[in-house]
Amino acid sequence: MDDAAGPFLRHQSYDPVTELYSVSCLVVSDSTIHKARPTLDYTFQGKTTTVKGDLLETVDSWQFWRFDISVTCRDAEALVEYKLSFKRWPIGFWRGPTQTWSFCVPGKDQDWHWGFYSCNGFHWEDRPEYEEYGGIAPLWSDVLKRHSDRPLHVMVGGGDQLYNDLVWDEEVNKAWLERGWDEKCSAPITEEQELATCQYYFNHYKRHWSSEYFRDALASIPQMMMWDDHDIFDGWGSYPDKLQNSPVFQGVYSAARRFYLLFQHHTTVERAREQNGLFGKDGYCFMNYLGKKVALVGLDLRSERTKRVVMEPETWAMVKQRMEGIQDSVQHVVVLSTVPVLYPVVPLSEGTLTRISGMAKSEVLTKMMQMTGLFAKVMNEFDTPDLLDDLLDHWTADTHKLERKQFVATLQTLSYSKKLRVTFLCGDVHCCGIGRFYSYPKLRSFVRDHRYMPQVISSAIGNHPPPNALMTLLGFSSRSKMVNHHTRTKMVKKFPGKKKLWPHRNWAEVFLRCEKEDVEDEKKKGLVFQLRCEHPDTKGKVEGAKDPMTFEEFVPRYDPTKRKLVDKAKGRFPWLKGIFSSRTPSDEPSLPHTDTMNMAM
């Protein structure tokens, strides 16, 4: 219906001690038609509760209503059924006037079943690729099929939940783009620009969130989302400081943040920290439990990003503090990094592109480049090389390597001290892949290696994959490398043809299981990431689509008891020291304190 959008569910929290499970539901309605305050009735275990809507914000005549649902987990998983209504009649939305929705609450001792996705859209919806790939529908159809077979308790969005790059196609913003470099960086944002920009973000979110299949998932599977650059616009945070801090860039960012918090987190800038528990110096990180054995840490790699830092030291300190306070029942910590921490280095000179960027700020050189046609081929609308923001976005960019090294070492220390297995979960790159951090010299088993941190890349559920030639080039450039003196990295040959990257649309299904499916042993359970990749024979199809191709990565829990046996053996047999790494986590650098970052953690 044109007068309302929703319902959209968000997983707010789960307390493994009290077993209290909380979800919020968002509805956006036109107040010129729906004048009364809406209510939500939900039924759990035979008991019906009525919740009044909390008005978050009004945009023109549109009102954002939030409803909070809290239940205590029971012995077995159970459905929460809910329906929405205004004073006189129920909200039917796209399915009629008496629609009831439901979502599944896991049992109190149940291992959660959840999913992960990223890059849920296209840069342009009027290009042939959109029709060729059937939009975002095919894999969301697969998500709903899996949910029907075995309920998904949560879906985690790992960035680029939609592509807002066309904000610069608004007429008032096009006029700004035509200005020279200095004028771009100094021009104030006009009231007309602010209104047009806000209207763009609102309309795009409302339309995208109502997409077929995706809207059904939003209404039946609670979501947790973290933004990346395209939720703002392409490359946010990796532009030159003068442009990044310009009034227009900052104004567009403020509008993007406003609607990101409303649609993806069901909150506002003023209420985000108190209402949702989001944290960070200026950003919006989160930590949630996915059952008693798994914790998810979502890192906001956009709000504070510059060409020099990914996150501010104060935010890293908050992340570390929360991870140190994780419940003792947790065995796995999944760290959501929207951009891969480990990825083949793009075989292109970052320095060359930076020098080209400096040349473009000279009006004389810009005109010369335009005359030769070079400008249009290598420069984007902001007069910077089109690939430079992509290079600077990656953790392997020269300016981010030290921060990455400290990030990895800190997680290894926490893994050792808290007896946790840490796994990176990433998106962004429009292909899937498996990477590993591990001890050097390599230990015989990953089970007792606290430096073993696998990385699962799942991207994209919607956007089309990169060209095969680029995938081949990245495969050739992928080499095993050292992060520090005792940690090596590599991408795994996981896919057909010994490929390290698989360029097909995908999402990841996640659950706890023994490595051998026919074994039932709680101590041997690990976290399984099953990549569900669109079958190339039925690309872009929903009806008649072949089942996805699947690839699994089994992540064992960290078992320090075996480590203790080795340490004891090294004391009795000194010659073992040459076989096993003797360096302890306390010897390695941790996230804090460097001259360049001044981290105080």
Side-chain angles (χ1 to χ4, degrees), residues 158-159 226 228-229 235 237-238 280-281 283 285 297-320 323 333-346 348 350-351 388-416 422-429 433-440 450-457 459 474 477-491 585 587-601:
M226 177 56 70
D228 203 25
D229 59 334
S238 297
K281 179 177 178 287
C285 301
V297 179
L299 302 179
D300 181 353
L301 306 183
R302 287 296 155 187
S303 295
E304 299 164 4
R305 178 185 285 268
T306 68
K307 289 175 69 174
R308 293 174 302 282
V309 299
V310 178
M311 288 201 311
E312 291 286 351
E314 294 92 332
T315 301
W316 282 121
M318 294 178 197
V319 170
K320 184 173 181 238
M323 290 185 68
V333 173
V334 179
V335 177
L336 169 54
S337 171
T338 51
V339 177
V341 185
L342 170 60
Y343 197 66
V345 177
V346 179
L348 188 63
E350 185 180 316
L388 183 57
D389 63 288
D390 291 326
L391 285 177
L392 294 176
D393 259 3
H394 279 256
W395 277 106
T396 48
D398 290 341
T399 53
H400 301 320
K401 282 182 179 178
L402 178 58
E403 189 175 0
R404 172 182 181 258
K405 182 178 181 180
Q406 294 167 325
F407 172 33
V408 168
T410 296
L411 291 178
Q412 291 173 336
T413 301
L414 283 166
S415 171
Y416 187 89
V422 175
T423 302
F424 295 109
L425 190 54
C426 312
D428 182 65
V429 290
I434 303 296
R436 290 172 185 162
F437 294 77
Y438 56 95
S439 285
Y440 181 80
H450 70 278
R451 298 188 185 94
Y452 167 60
M453 297 189 296
Q455 175 186 263
V456 177
I457 302 173
S459 172
L474 288 171
S477 68
S478 175
R479 297 287 184 270
S480 181
K481 294 182 180 179
M482 299 295 293
V483 178
N484 52 46
H485 292 302
H486 288 267
T487 305
R488 185 177 274 283
T489 68
K490 72 172 183 179
M491 297 296 294
D587 296 325
E588 301 197 19
S590 64
L591 238 176
H593 180 86
T594 71
D595 293 337
T596 56
M597 299 165 62
N598 192 27
M599 287 191 170
M601 292 176 60

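Just so it is clear, the values below take in all heavy atoms, side chains as well, and ignore hydrogens, waters and symmetry mates.
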Task: Minimum heavy-atom distance Q455-V341, with the two atoms named - done: OE1-N, 2.7 Å
Open item on the list: Within this structure, what is the NZ-OG1 distance for the pair K320 and T413, rounded to the nearest 0.5 Å?
Closed with: 8.0 Å
Task: T423: partners by side-chain hydrogen bond (donor to acceptor under 3.5 Å, both in side chains), with sequence neighbours left out - done: none
Open item on the list: Just so I know, are the side chains of I434 and V456 near enough to count as touching, which here means a heavy-atom distance under 4.5 Å?
Closed with: yes
Open item on the list: I need the minimum non-hydrogen distance between M318 and K281, along with the two atoms involved.
Closed with: CE-N, 4.0 Å
- [ ] Calculate, to the nearest 0.5 Å, the distance between atoms CD and OG1 belonging to Q412 and T487 respectively.
- [x] 3.5 Å
TODO: Without swapping roles, check the side chain of S415 against the backbone of V422 for a donor-acceptor pair under 3.5 Å.
DONE: no
TODO: Could I get the full list of ring pair (Phe, Tyr, Trp, His ring centres under 6.0 Å) partners for Y438, not counting sequence neighbours?
DONE: none
TODO: Measure the spacing between OG1 of T489 and CG of N484 and express it to the nearest 0.5 Å.
DONE: 10.5 Å
- [ ] With rounding to the nearest 0.5 Å, note down the distance linking OG in S478 to CG in L342.
- [x] 7.0 Å
Open item on the list: Could you report the tightest heavy-atom contact between L474 and P344, atom names first, then the distance?
Closed with: O-CB, 3.4 Å
Task: Any donor-acceptor N/O pair, D428 side chain to V339 backbone, under 3.5 Å - done: no
TODO: Please lay out, stage by stage, how T396 and Y343 fare under the test side chain to side chain contact (heavy atoms under 4.5 Å, CB included).
DONE: CA-CA 8 Å; T396 48; Y343 197 66; 5.7 Å; no
Open item on the list: Checking K401 now: which residues fulfil side chain to side chain contact (heavy atoms under 4.5 Å, CB included) with it, not counting sequence neighbours?
Closed with: D398
Task: W316-T410 side chain donor-acceptor pair, cut-off 3.5 Å - done: no
TODO: Quick one: pull up CZ in F424 and CZ in F407 and give me the separation to the nearest 0.5 Å.
DONE: 4.5 Å
Task: Smallest separation among heavy atoms of H400 and R308, with atom names - done: ND1-O, 3.7 Å
Task: All side chain to side chain contact (heavy atoms under 4.5 Å, CB included) counterparts of S303, not counting sequence neighbours - done: W227, Y253, Y284, D300
TODO: With the side chain counted from C-beta on, respond yes when E403 and M311 share a heavy-atom pair under 4.5 Å apart, and no when they do not.
DONE: yes
- [ ] Would you please name every residue forming a side-chain hydrogen bond (donor to acceptor under 3.5 Å, both in side chains) with R488, sequence neighbours left out?
- [x] S480
Task: Minimum-distance pair of heavy atoms, taken over all atoms of H486 and R451 - done: O-CD, 3.3 Å
Task: side chain to side chain contact (heavy atoms under 4.5 Å, CB included) partners of T338, counting only residues at least two apart - done: M226, D228, L301
Open item on the list: If you apply the rule side chain to side chain contact (heavy atoms under 4.5 Å, CB included), what do you find for V429 with H394, and how did you get there?
Closed with: CA-CA 10 Å; V429 290; H394 279 256; 3.9 Å; yes
- [ ] Please list, chain by chain and in numerical order, all residues satisfying salt bridge (Lys or Arg N to Asp or Glu O under 4.0 Å) with R436, sequence neighbours excluded.
- [x] E553
Task: Exercise: identify the closest heavy-atom pair between I457 and M491 - done: CD1-CE, 4.3 Å
Task: Main-chain N/O of P340 paired to S337 side chain as donor or acceptor, under 3.5 Å - done: no
